[in-house]
Structure formats: C-alpha cells, structure tokens
There are 2 protein chains.
Amino acid sequence: MLNDPMVLTPIADAPQAEPEKRIRDRGATEKAILAAAKVLLAEEGFQNFGINAVARKAGCDKQLIYRYYGGLNGLVDAIGADLGTWVKDRIPEDTGGMFLLTYGDLMERLSLLFLQALRDDPLMRRIVAWEVSENTEQVRRLSEARSKALATWLERMRGSLAPPKGVDPVAVNAILIAAIQHIVLSASAGGQCAGLALKTPKDWEKAEAALKRIVRGIYG
Amino acid sequence: MLNDPMVLTPIADAPQAEPEKRIRDRGATEKAILAAAKVLLAEEGFQNFGINAVARKAGCDKQLIYRYYGGLNGLVDAIGADLGTWVKDRIPEDTGGMFLLTYGDLMERLSLLFLQALRDDPLMRRIVAWEVSENTEQVRRLSEARSKALATWLERMRGSLAPPKGVDPVAVNAILIAAIQHIVLSASAGGQCAGLALKTPKDWEKAEAALKRIVRGIYG
DNA sequence: TCTTGTTGTCACTCATCGGTGAGTAACAAC
DNA sequence: GTTGTTACTCACCGATGAGTGACAACAAGA
C-alpha cells in the first residue's frame with residue numbers, strides 16, 4: 001500500500017474536482033507539452049525554463065518530453081518551428097488607410113507595426129531577451145527560427161518599394177529594429193528606458209512619435 | 001579518513017603550484033570577493049551568478065560573502081556602487097578634435113562614444129542584458145546604479161548645448177540609447193543583429209555610419 | 001486468450017543550489 | 001603562557017535540477 005491513491009490528494013493549483021483521467025492520446029499529449037512550454041516561456045522567461053517545469057505545467061511526466069521531443073532541445077526546436085505561424089497572424093489585410101507611396105511611408109508603418117506586435121507578444125519578447133543574454137545551442141536554434149520569421153514578414157510587407165539612394169537600408173533597419181526591440185524589452189522589464197517612462201498609453205505615444213521622427217529623419 | 005587531504009587535488013583552474021596561504025586580511029578578502037563577482041558576472045553572465053560560483057572564483061568560503069556583504073544582494077549592491085567609477089573612466093579629455101557646435105554634433109559624438117564604451121565593457125553589457133531579462137530585486141538595484149551612472153555621464157558630456165525645437169530629446173535619445181545597447185548586445189551574443197553582421201571592424205563601420213546618419217537625420 | 005507495442009507513471013541517481021551552525025587558525029592584550 | 005576576538009573553513013541540510021530504467025495500464029492483432 002505504498003501508493004494508496006487516497007494519498008494523492010489534489011494539490012492547490014492542480015485541476016481539482018476533475019480526476020482528469022488522462023486519456024491515452026499521444027497527439028494530444030504532445031500538443032499539451034508544446035503549449036505548456038510556450039506558455040511557460042512567455043510567462044516565466046527562460047530562467048525557470050526546464051524539463052521539470054514544463055512537465056509540471058503540462059501535467060504530465062517529464063519522461064514523455066524525452067520520449068516525444070528528445071529532451072529540451074527538441075522541444076525548443078518545436079517551439080521554433082511553431083514560430084513560423086507568427087508571420088500569418090501579423091500581416092494586416094489593409095495598410096491602415098494609408099497609401100504607402102514611399103520607402104519612408106513603408107518603414108514608418110512597419111516600425112509601428114513591429115513595435116505593437118512585440119508589445120502584444122510575450123513569447124516573442126522572451127525569446128528576444130533570451131537571444132541577447134545567452135549563446136547556447138537552444139538559443140541559436142530559436143533565434144534562427146525567429147529571424148527567419150521576421151525576415152519573411154518584412155519581405156511580404158515590403159512589396160516592391162525601393163529604399164532611397166545614399167543610405168544603407170540593411171544597417172539602418174537593423175538599428176531601427178534593435179531600438180524597437182530594446183525599448184519594448186526595457187518597458188516590459190522595468191517600465192522605462194533610459195529615463196523615458198514607458199507605462200501609460202501616453203508614454204507610448206511619445207515613444208511612437210519619436211520613432212516616427214527618426215524614421216522620417218532618415219528616409220524622408 | 002573521510003577527508004583525506006590528498007583527495008583535495010588542485011582543480012584545473014585553481015591556483016596550482018601556489019598553496020597560496022590565505023593571509024588574514026579582511027579588506028583584501030572583501031576586495032577579492034568583489035573582484036571575483038565582477039569578473040564572474042562579466043565572463044559568465046547572470047545565469048551562473050550565485051553565492052557558490054562567486055566563492056569558488058574568489059577562492060574563499062561562501063560564508064565570508066554572507067558575513068562581509070550580507071549575501072548576494074549586498075554583493076550586488078557593492079557592484080552597483082562600484083559602477084560609479086564607470087563615469088570617470090569614460091570621459092575623454094578632448095572632443096576628438098571636433099568642435100561640438102550643435103546638439104547634433106554632440107549627439108553624434110555621444111552615440112559613438114557610448115557604442116564604443118559598451119563594446120569595451122563586458123560587465124556593463126551583462127548588466128544591460130540582465131536588466132531586460134529579469135525584474136528581481138537584485139536587477140533593480142544594479143539597474144538603478146547603472147542608469148544613474150549613465151545619466152551622470154550624459155550630464156557631464158552635454159555641457160550647455162540645447163536640443164533643437166520641435167523634437168522630444170528624452171524620447172529620441174532613449175530610442176538611440178536603446179538601439180545602441182541592443183546592437184551591442186546582439187553582436188556580443190550572436191555576432192549579428194536583424195540580418196546585419198557585426199563581427200569585423202568593417203561591419204562595425206557600417207553600423208556606425210548608419211547610426212551617424214540616423215542621428216544627423218533627426219538632429220541635423 | 002496470449003502476445004506485443006504504445007502510453008503514461010513512478011522511483012531513483014547524481015549534481016548543484018542557497019543557506020547555516022560548528023569548529024579551527026591566527027593574532028592581540030594581558 | 002592564557003584568554004578573547006577576528007578571520008576563515010568545513011560539513012552538513014533541504015530543495016531542486018536533469019536524466020534514466022523499470023513497470024503498470026491499456027489497445028489491438030494473433
């Protein structure tokens with residue numbers, strides 16, 4: 001009587017009333033694990049991201065993560081593969097009632113869209129933060145998937161507009177993207193960035209206005 | 001014979017030939033601990049930053065960290081206090097043979113100086129990465145010290161130049177700083193940022209040129 | 001029914017973490 | 001010497017991490 005079922009009283013945060021007889025369904029379990037991993041990473045960050053934590057969150061045994069994903073690396077790969085769907089969700093059908101006639105129009109709009117998308121996506125934020133904090137195998141894989149998704153997104157949005165002569169669009173855009181990413185990360189972590197408060201919508205309007213000015217300053 | 005001294009063979013990275021009879025000097029020990037903590041944080045990042053690791057690196061018992069610094073929090077505070085010296089080391093005597101007549105001149109120069117300073121300072125980089133990755137007590141303390149040091153630095157460099165009308169210098173400068181920080185972090189972690197390679201001096205020249213153009217685009 | 005493969009659970013090892021309490025070695029005052 | 005203080009080390013605790021091997025429950029084919 002070592003494992004008397006009565007002893008397994010429901011824990012506080014476990015699904016209570018439901019004994020939740022786990023049905024034998026590998027596909028569903030795999031999905032549950034992947035979903036749990038994404039939620040965990042988004043909510044807790046990469047600090048507490050591990051086999052045990054994911055298994056706890058998914059409500060299954062960690063052994064299944066090894067079996068189905070070959071460990072944490074495989075699971076991270078799966079998250080990365082899942083990131084491809086990010087693009088589809090972020091392409092608005094219209095251009096916000098704006099005619100994108102110039103490269104400056106385009107970049108202004110893209111900047112604000114990217115800013116908003118990052119602000120709305122905790123998982124993506126955590127991944128970006130992870131990227132600049134470590135250089136492990138896991139991060140590299142995830143990072144590659146993310147940059148590919150980002151590139152695809154930019155590609156689709158750009159259309160056929162060409163950047164003005166005399167500027168290095170790759171370098172300039174890299175700096176713009178860097179700025180947006182860091183602003184959002186700083187805001188998310190501490191509510192401010194380099195003395196600029198980033199909490200209220202009002203604060204964000206200021207940041208967006210400054211971002212627009214910067215984009216217009218360089219692309220006209 | 002549980003603790004046969006012969007078993008305690010010197011580890012690979014420990015001071016070998018020197019038995020290094022630790023002399024009883026509290027001040028020196030405190031300094032050694034602080035130095036070890038800074039080096040550890042700079043080299044390994046905040047992931048493996050803990051009492052045990054610092055004690056190992058300092059070559060003393062972790063108990064001393066509790067005694068002298070009241071634990072890891074106190075030690076982090078000490079690192080933060082030490083950050084104040086950052087300012088003095090980063091103020092060049094001349095202006096690089098350049099007359100800073102306008103706010104644009106100033107900001108161009110400051111941007112490049114800050115970029116270079118961050119590139120040269122692994123500890124500062126780790127702290128920035130830490131700031132955007134976590135929001136714990138330790139980070140908040142360190143972050144405050146860093147932002148204060150940065151503000152002081154900017155203050156001293158600015159002199160009496162006033163920003164042009166029509167722009168929000170706080171917001172714009174926050175974005176510029178964010179961009180610089182993220183670019184450097186990305187480069188340090190993965191050697192690139194948003195498709196822009198950041199390894200060779202040539203790569204960095206491109207980035208600096210783009211940064212200059214952005215600054216000039218907004219501040220003239 | 002018996003067998004075989006899949007799905008899920010459990011129990012364990014080993015390493016490392018933060019933290020603590022007890023004990024030892026150097027030194028100063030007497 | 002003896003005594004007391006300071007600087008330092010050691011051995012341990014409970015908790016938690018990754019990872020593994022054995023086993024129970026079940027399903028479907030023979």
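In this text, all values refer to a predicted model and were calculated from it rather than measured experimentally. Order of the sequence lines fixes the chain letters, A, B, ..., with proteins taken first and strands second; residue numbering starts at 1 for each chain.
None of B/Arg140, B/Arg146, B/Arg141 except one satisfies the salt bridge (charged side-chain N to carboxylate O under 4.0 Å, His left out) rule with B/Glu131; the exception is B/Arg146.
When rounded to the nearest whole Å, the span between CG of A/Asp61 and P of C/dA11 equals 11 Å. At whole-Å resolution of the value, CG in B/Asn48 and P in D/dA18 are 14 Å apart. Spacing between atom CG of B/Leu72 and atom P of C/dG18 amounts to 7 Å, rounded to whole angstrom units. What separates CG of A/Asp25 from P of C/dG8 is a distance of 7 Å, to the nearest Å. Between B/Gln47 atom CD and D/dA18 atom P there is a gap of 13 Å when expressed in whole angstrom units. A/Ile23 has its CD1 atom 15 Å from the C1' atom of D/dA25, to the nearest Å. In this structure, A/Asn73 places its CG atom 13 Å from C1' of D/dG19, rounding to the nearest Å. In this structure, B/Lys62 atom NZ and D/dC12 atom P are separated by 14 Å, rounded to whole Å.
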Output one line per pair: protein atom, nucleotide atom from nucleotides 4-6 of chain D, and distance, for all N/O pairs under 3.5 Å.
residue	atom	partner	partner atom	Å
D/dT6	O2	B/Arg24	NH2	2.3

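Taking 4.0 angstrom as the limit, A/Tyr68 places a side-chain polar atom (N or O) nearer than this to OP1 or OP2 of C/dG8. For the pair B/Tyr66 and C/dG19, the criterion of a side-chain N or O lying under 4.0 Å from OP1 or OP2 is met. Checking the phosphate oxygens (OP1, OP2) of C/dT16, no side-chain nitrogen or oxygen of B/Asn52 falls inside 4.0 Å. At D/dA7, none of the side-chain N or O atoms of B/Thr29 fall inside 4.0 Å of OP1 or OP2 (strictly under the cut-off). For the pair A/Arg56 and D/dG17, the criterion of a side-chain N or O lying under 4.0 Å from OP1 or OP2 is met.
Comparing A/Ala53 and A/Arg67 by the nucleotide of DNA chain D that holds the closest heavy atom to each, the one mapping nearer the 5' end is A/Ala53.
Taking the six-membered ring for Trp and thresholds of 30 and 60 degrees, B/Phe46 and A/Phe46 have ring planes inclined between 30 and 60 degrees apart. Ring geometry for B/Trp153 against B/Phe114 counts as tilted: the plane angle lies between 30° and 60°, on a 0 to 90° scale.
The listed nucleotides are C/dT9, C/dG18, D/dA18; the one nearest the side chain of B/Ile51 is C/dG18. Relative to the side chain of B/Gln63, the nucleotides D/dT9, D/dT20, C/dG18 differ in distance, and D/dT9 lies closest.
With salt bridges taken as basic N to acidic carboxylate O contacts below 4.0 Å, one links B/Glu30 and B/Arg26.
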Please report the C-alpha distance between B/Val76 and B/Tyr69 in whole Å, then the side-chain angles of each, then the deciding distance to 0.1 Å, and finally whether the side-chain contact (heavy atoms from CB on, under 4.5 Å) criterion is met.
CA-CA 9 Å; B/Val76 168; B/Tyr69 292 97; over 6 Å; no

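Side chain of A/Arg126 to backbone of A/Glu43: a donor-acceptor contact under 3.5 angstrom is found.
Other residues, nucleotides and ligands contribute at most 12 non-hydrogen atoms within 6.0 Å of the NZ atom of A/Lys206.
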